[in-house]
Structures are given as C-alpha cells and as structure tokens.
**Student:** 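Sharing a structure with you now.
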Amino acid sequence: MNLIIKQSNTPESVTAELVDRLYQLTKPDTITGQPAVNAVLVGRLEVPAAYEDAVTFLNTQFSSAQDNGSDLRVSVLNNNYYIRFADPEVEIVLKNALGKDENEGITAAEATAMNLGTIFRNNVDIESFDEFKYFISPNKTLSSQAFYNCSSLERLDLSNCRSYPNDAFTGLTNLEYTGGEGSPQGVIIIPEGTTSIGGWNNFNGCNKITAVILPDSLTYIQGNNFQNMAALTEITVGTGMTTWVRGNFNNCQNFNKVNIKDLDAWLNITFESTGNAETPLAVARHLYLNGTEVTSVDFTGKTMIVV
C-alpha cells in the first residue's frame, strides 16, 4: 500500500470522517498486527471531534519520532472524543435517542450528560455495551427497568454503576461479563463505593452468572435481587453489610457457598425475618471465612441473647 499525504505546518481544519478514514486505511492488520506499509503522513490536522483510538494511533505511528518519513500531528479541540461502540445496535439506539444521523458520533461529554431512561428496555438485539461506563457514574441515577429483558446482552460494564433501582437488569439471561476488558466470565462485581442495592429484582433471571461479589462499602440490599439464577453457585459478602432483605436467592438451585472476610461483621448483619430465604445461608448452607469453610464457631467472650 502506498499512501502519502503532505500538509503544511499550519493546522488545517478537517472532519472526523477524514481522520477516521486515515485510521481505517493505515491501522494494523487484524491478523498480523502490522500497520499498513509505505504510508507517509505529514502535516498538522485540527478536528472538532474524533475517535480517540484513531487519533492515538495516527499520532503514534506517524510521528517524526518513528523515523519513517512521517511527521503528523492530529489535534482534537477540547479533547472532544467520540466513543467507538463495539455493538452497532447499541449505537443506533443511542443516536436515535439523541437525534443524530448515522454519520455523527457520540462524544464522552454527551454520554455523561445523557439520561438513558428506558431506551433499552425489552431490546433483544443488543449484545455488548462495554461503553455503558461512559453513560453512568457514581453520582448518576439509573432508571428502573433500564435494561429489563435485554435477553441477548452478554457484556455490560458496571464498573461505574452505583445505582440499582427496581428491575434494572432483570431478564439478562445471557449476561456473562460485568466489567471492562479482562473481567472474569460469569461474575457480577458490584463496584466498591456502592452503598446500597435499593431496588428489587435487579439480576433476577441472569442464568449465566455463577458468582456475585459484593463490596465492603455495601451496607444494604433489598430483596429478590439474585433470584432465579440457575447457574449461581456462590456469593462474596463485604464487611460493611448491615441490612439484608428477604428472598434474594429464591429458586437458585445450585447456590451453595457464602464467602466472608470477617465473622464479626457477618454476625452483625440484620436479616429480615419474614419471607423465604431471609439469609443466604438458608439456601447455600456452606459458609467460608477467607477461603476456609466454617464448621464450628467459638463464642467464648461473646454475649449471646437467646429469645
């Protein structure tokens, strides 16, 4: 491939489409990992917005430091980067909600400001939404039923999510990944900093999830959040939990292990005493303290109140 583009040192205003086209023509081969050969780019380009991966690649591969005859610098005004979506169906839904045409991108700033509401509810076409981390933040509230019945969704990055209203993730029967790149398969990881799972039925029916990890920051969990999870085998409970409402593990036939870090913290949890499965041990029957199963407890020095 021979591609030579020369510009003056005076910044020239260009479109995002041009920058992305340069990237698509010169990016590494998906099989060999090698960049396109015989490409020489020289000049200073300025763009109102662009995809960050494209800009980073062009500025690295075609900088003067590479000693390949190139001397390119692409500048993005106000760091206004577009998000590149792995799943085109997700991008279509978002663009429709924002009133954008197919040639317009969605910037991180637009994602931060956007309220998703229930635009994905009952959508059975989307499969991957790792970019959800841009649309949610620790200070942002998610709508009830935000991803209700998105039965084809396999990936949803919850690493920035602290809001768990009613039915937010109910019916995600194919959900397998809840973190970013490298996250473990089949594990729901509630991020540290989350203090409450305040809604009901959040992960009801997530049948491919095998484990749930709750952070030390979590103090309260509402009921029925992990019921009807056919593959669930274990949960890890953080040290900050104080109140646990009933029914979280109804119809979880393979659930058999509760992992804790501190026995005193576990004994200080208030479990709601009405309804089914008010404590996870009512279903799991096996308690592990720092990896070792608890088979007996020494209450020496403890005060016990028997009613």
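Sequential numbering from 1 along the given sequence is applied to the chain's residues.
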**Student:** Shortest non-hydrogen contact from Ala231 to Asn207?
**Tutor:**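 The pair with the smallest heavy-atom distance is CB-O, 3.1 Å.
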**Student:** Taking the six-membered ring of Tyr177 (Phe, Tyr or Trp), confirm whether the NZ or CZ of Arg155 is under 6.0 Å from its centre and within 45° of its axis.
**Tutor:**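 The answer is yes; both the distance and angle limits are met.
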**Student:** Test the Lys257-Tyr288 pair against the cation-pi criterion, namely NZ or CZ under 6.0 angstrom from the six-membered ring centroid and within 45° of the ring axis.
**Tutor:**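 Yes, a cation-pi geometry.
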**Student:** Applying side-chain hydrogen bond (donor to acceptor under 3.5 Å, both in side chains), run through Ser217 and Glu192 and close with a yes or a no.
**Tutor:** CA-CA 6 Å; Ser217 59; Glu192 190 65 47; 3.3 Å; yes
**Student:** With the threshold set at 4.0 Å, does a side-chain nitrogen-carboxylate oxygen contact exist between Glu17 and Arg21?
**Tutor:**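 So Glu17 does not pair with Arg21 through a salt bridge.
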**Student:** Please state whether the rings of Phe85 and Phe129 are parallel, tilted or perpendicular, taking 30° and 60° as the class boundaries.
**Tutor:**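 Because their plane-to-plane angle lies in the 30° to 60° range, the rings of Phe85 and Phe129 count as tilted.
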**Student:** Quick one: list whatever passes side-chain contact (heavy atoms from CB on, under 4.5 Å) with Ile92, sequence neighbours left out.
**Tutor:**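 So Ile92 forms a side-chain contact (heavy atoms from CB on, under 4.5 Å) with Glu89, Asn96.
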**Student:** Compare every heavy atom of Asn68 with every heavy atom of Val40, then report the nearest pair and how far apart it is.
**Tutor:**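 Smallest interatomic distance, heavy atoms only, reads CG2-O, 3.8 Å.
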**Student:** With a 4.5 Å heavy-atom cut-off, do Lys95 and Ile106 have their side chains touching?
**Tutor:**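 Yes, side chains in contact.
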**Student:** Partners of Asn59 by side-chain hydrogen bond (donor to acceptor under 3.5 Å, both in side chains), sequence neighbours excluded?
**Tutor:**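 Asn59 satisfies side-chain hydrogen bond (donor to acceptor under 3.5 Å, both in side chains) with no residue once adjacent residues are dropped.
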**Student:** Does anything in residues 97-117 pair up under ring pair (Phe, Tyr, Trp, His ring centres under 6.0 Å), and if so which pairs, sequence neighbours excluded?
**Tutor:**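 Those involving residues 97-117 do not exist here.
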**Student:** For Gly223 versus Trp200, what's the shortest heavy-atom pair and its separation?
**Tutor:**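 Gly223 and Trp200 have their closest heavy atoms at O-CE3, 3.2 Å.
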**Student:** Show the nearest heavy-atom pair for residues Val47 and Val74, with the distance to one decimal.
**Tutor:**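 So the two residues come closest at CG1-CG1, 4.2 Å.
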**Student:** Is the shortest distance from a Lys or Arg side-chain nitrogen in Asp216 or Lys261 to a carboxylate oxygen in the other one below 4.0 Å?
**Tutor:**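 Yes.
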**Student:** Please name the pair of heavy atoms, one in Thr194 and one in Pro215, separated by the smallest distance, quoted to 0.1 Å.
**Tutor:**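 So the minimum-distance heavy-atom pair works out to O-CG, 4.1 Å.
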**Student:** Applying the side chain to side chain contact (heavy atoms under 4.5 Å, CB included) criterion to Phe147, which one of Leu156, Asn202, Thr170, Asp167 satisfies it?
**Tutor:**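 That would be Leu156.
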**Student:** Side chains of Glu234 and Asn259: donor-acceptor distance under 3.5 Å anywhere?
**Tutor:**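 Indeed, the side chains of Glu234 and Asn259 share at least one donor-acceptor pair under 3.5 Å.
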**Student:** Salt bridge check: are Asp130 and Arg84 linked by an N-O gap of less than 4.0 Å?
**Tutor:**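 No, Asp130 and Arg84 are not salt-bridged.
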**Student:** In terms of side-chain heavy atoms, does Thr118 have a donor or acceptor partner in Gln145 at a distance below 3.5 Å?
**Tutor:**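 Checked: Thr118/Gln145 side chains show no N/O donor-acceptor pair below 3.5 Å.
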**Student:** Does the pair Asp157 and Ser159 meet the rule for a side-chain hydrogen bond (donor to acceptor under 3.5 Å, both in side chains), with working shown?
**Tutor:** CA-CA 6 Å; Asp157 190 339; Ser159 57; 2.6 Å; yes
**Student:** Can you name the nearest heavy-atom pair linking Leu289 to Leu263, along with the distance?
**Tutor:**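 Taking every non-hydrogen atom into account, CD1-N, 3.9 Å.
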**Student:** Any chance the side chains of Asn201 and Gln227 put a donor and an acceptor closer than 3.5 Å?
**Tutor:**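 Looking only at side-chain atoms, Gln227 and Asn201 do form a donor-acceptor pair, the distance falling under 3.5 Å.
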**Student:** Ring-plane angle category for Trp244 and Trp266, please: parallel below 30°, perpendicular beyond 60°, tilted otherwise.
**Tutor:**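 The rings of Trp244 and Trp266 stand perpendicular, inter-plane angle above 60°.
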